[in-house]
Amino acid sequence: MKIWKLAFAALVASVAAAIGASAGASAQTTPHDHAMPDHAGHGSHGAASDIAAAAAPMLPGQDAFGAVQEIVRMLEADPATDWTKVNLSALREHLIDMNEVTLRAAAAERPIDGGLEIAVTGSGRTLDAIRRMVPAHAREIDGLHGWSVRSAELPDGVLLTAVSAEPKETAHIRGLGFIGLLASGSHHQPHHLAIARGERHVH
């Protein structure tokens, strides 16, 4: 009987110790276990927000489309815009001309006294664009930086000549070459807006 009582007391003590240890472990781990999902949830939400912000498209996807988009925003922001005169189709045609001349025209450059002579040639739609754009651009930049800029018709394009009496400007002209001369001047953006407003015809 005495042995049984001692065994029973030992069993009760063992169970009590086990319960106490379990309760202690729960007290230590429960806050942590509850905090982790909450922390993970907040982290996931923050990461999702960052990804969403980083994934927001910024580019229009096509340069001519972006140019038109910019003009549309300007027209819509201007309360004086006369929508009965707006001609975005004309602007689109001009941008096509720019694309043809920039990317498809052949430009054979030859240094001459004081500057550069460039035979700008092409066929079909490219030739039409050359004949519309190059002479008009030559007139726009004639006198810029003291340059003398002229154009003459060729059977398959336009001969563009740019010269200067200043050696520094001669080097400037030759360094720019055809595409640099085409990009010179500050009339491009105002010209595009004027075309879109219906205030100016395409070249």
Side-chain angles (χ1 to χ4, degrees), residues 39-109 116 118-142 144-145 147 149 151 156-158 160 162 171-203:
H39 176 73
H42 285 298
S44 176
H45 177 72
S49 298
D50 291 344
I51 291 170
M58 299 299 292
L59 298 176
Q62 206 277 341
D63 53 354
F65 184 91
V68 174
Q69 189 176 59
E70 180 184 47
I71 294 296
V72 167
R73 287 172 179 163
M74 293 175 71
L75 293 173
E76 291 181 339
D78 185 357
T81 295
D82 183 349
W83 290 99
T84 66
K85 294 181 180 179
V86 168
N87 191 348
L88 291 172
S89 294
L91 176 59
R92 177 175 178 268
E93 289 300 313
H94 177 63
L95 293 174
I96 293 171
D97 277 356
M98 291 185 70
N99 191 73
E100 291 292 325
V101 173
T102 301
L103 300 179
R104 300 184 184 277
E109 301 176 0
L116 200 60
I118 309 155
V120 188
T121 57
S123 61
R125 182 67 175 79
T126 303
L127 177 57
D128 294 341
I130 290 168
R131 287 177 171 164
R132 278 191 288 266
M133 279 196 63
V134 177
H137 190 68
R139 291 191 294 271
E140 290 284 353
I141 64 171
D142 183 38
L144 180 69
H145 306 302
W147 302 343
V149 184
S151 66
D156 56 350
V158 171
L160 178 66
H172 187 184
I173 290 167
R174 290 175 179 169
L176 286 171
F178 171 62
I179 193 61
L181 289 169
L182 196 67
S184 294
S186 58
H187 70 284
H188 296 278
Q189 287 81 0
H191 177 62
H192 292 171
L193 185 58
I195 291 172
R197 289 186 187 281
E199 298 170 353
R200 187 169 180 177
H201 294 294
V202 178
H203 289 150

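Model, not experiment: these values are computed from the prediction. We use all heavy atoms of the structure for the numbers below, so side chains are in, but hydrogens, waters and symmetry mates are not.
Across all non-hydrogen atoms, the minimal contact from G185 to L144 is N-CD2, 3.9 Å. Of all heavy-atom pairs between A138 and S151, the closest is CB-CB, 4.2 Å. The shortest non-hydrogen separation linking I179 to T102 is CD1-CG2, 3.8 Å. The heavy-atom pair separating A105 from V101 by the smallest distance is CB-O, 3.4 Å. Closest of all the heavy-atom pairs between L116 and G177 is CD2-CA, 3.8 Å. Among all heavy-atom pairs drawn from A162 and L181, the shortest one is CB-CD1, 4.1 Å.
Every pair passing salt bridge (Lys or Arg N to Asp or Glu O under 4.0 Å) that includes a residue from residues 98-109 is listed here, sequence neighbours excluded: E100-R104. Listed by first and then second residue, the side-chain hydrogen bond (donor to acceptor under 3.5 Å, both in side chains) pairs involving residues 69-79 are D78-R197 (not counting sequence neighbours). The side-chain hydrogen bond (donor to acceptor under 3.5 Å, both in side chains) analysis of residues 58-68, with sequence neighbours excluded, yields no pairs.
Residue N87 holds its CG atom at 11.5 Å from CD of E199, rounded to the nearest 0.5 Å. Atom CD1 of residue I71 and atom CG of residue L88 lie 8.5 Å apart, to the nearest 0.5 angstrom. Summarising the geometry, atom CD1 belonging to I195 is positioned 12.0 Å from atom OG belonging to S89; distances are rounded to the nearest 0.5 Å. Of the inter-residue distances, the one linking L182 atom CG with E140 atom CD reads 11.5 Å to the nearest 0.5 angstrom. Expressed to the nearest 0.5 Å, how far CG of D97 lies from CE of M133 amounts to 7.0 Å. L193 contributes atom CG, which lies 6.0 Å from atom CG of L75 (distance to the nearest 0.5 angstrom).
Take H172 and apply the ring pair (Phe, Tyr, Trp, His ring centres under 6.0 Å) test, not counting sequence neighbours, and it matches H145, W147. Annotation: side chain to side chain donor-acceptor pair (under 3.5 Å) contacts of D128 (sequence neighbours excluded): none. Applying the side chain to side chain contact (heavy atoms under 4.5 Å, CB included) rule to R92 yields the partners I96; only residues at least two apart in sequence or on another chain are considered. For A108, the side chain to side chain contact (heavy atoms under 4.5 Å, CB included) partners are A119, not counting sequence neighbours. Partners of A107 under the side chain to side chain contact (heavy atoms under 4.5 Å, CB included) rule, at least two apart in sequence or in another chain, are I118, F178. Under the side chain to side chain donor-acceptor pair (under 3.5 Å) criterion, D156 pairs with no residue at all, not counting sequence neighbours. Every residue two or more places apart in sequence or in another chain that forms a side chain to side chain contact (heavy atoms under 4.5 Å, CB included) with L127 is listed here: R131.
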Inset, instruction - Begin with the C-alpha distance, continue with both residues' side-chain angles, and end with the deciding distance and a verdict on side chain to side chain contact (heavy atoms under 4.5 Å, CB included) for H192 and M98. - result: CA-CA 11 Å; H192 292 171; M98 291 185 70; 3.4 Å; yes
Inset, instruction - Go through the steps for L95 and N99 under the test side chain to side chain contact (heavy atoms under 4.5 Å, CB included), then give the verdict. - result: CA-CA 6 Å; L95 293 174; N99 191 73; over 6 Å; no
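Using modelled atom types, one finds a donor on one side chain and an acceptor on the other under 3.5 Å when comparing T84 with D82.
With T81 contributing its side chain and A77 its backbone, the two residues share no donor-acceptor pair below 3.5 Å.
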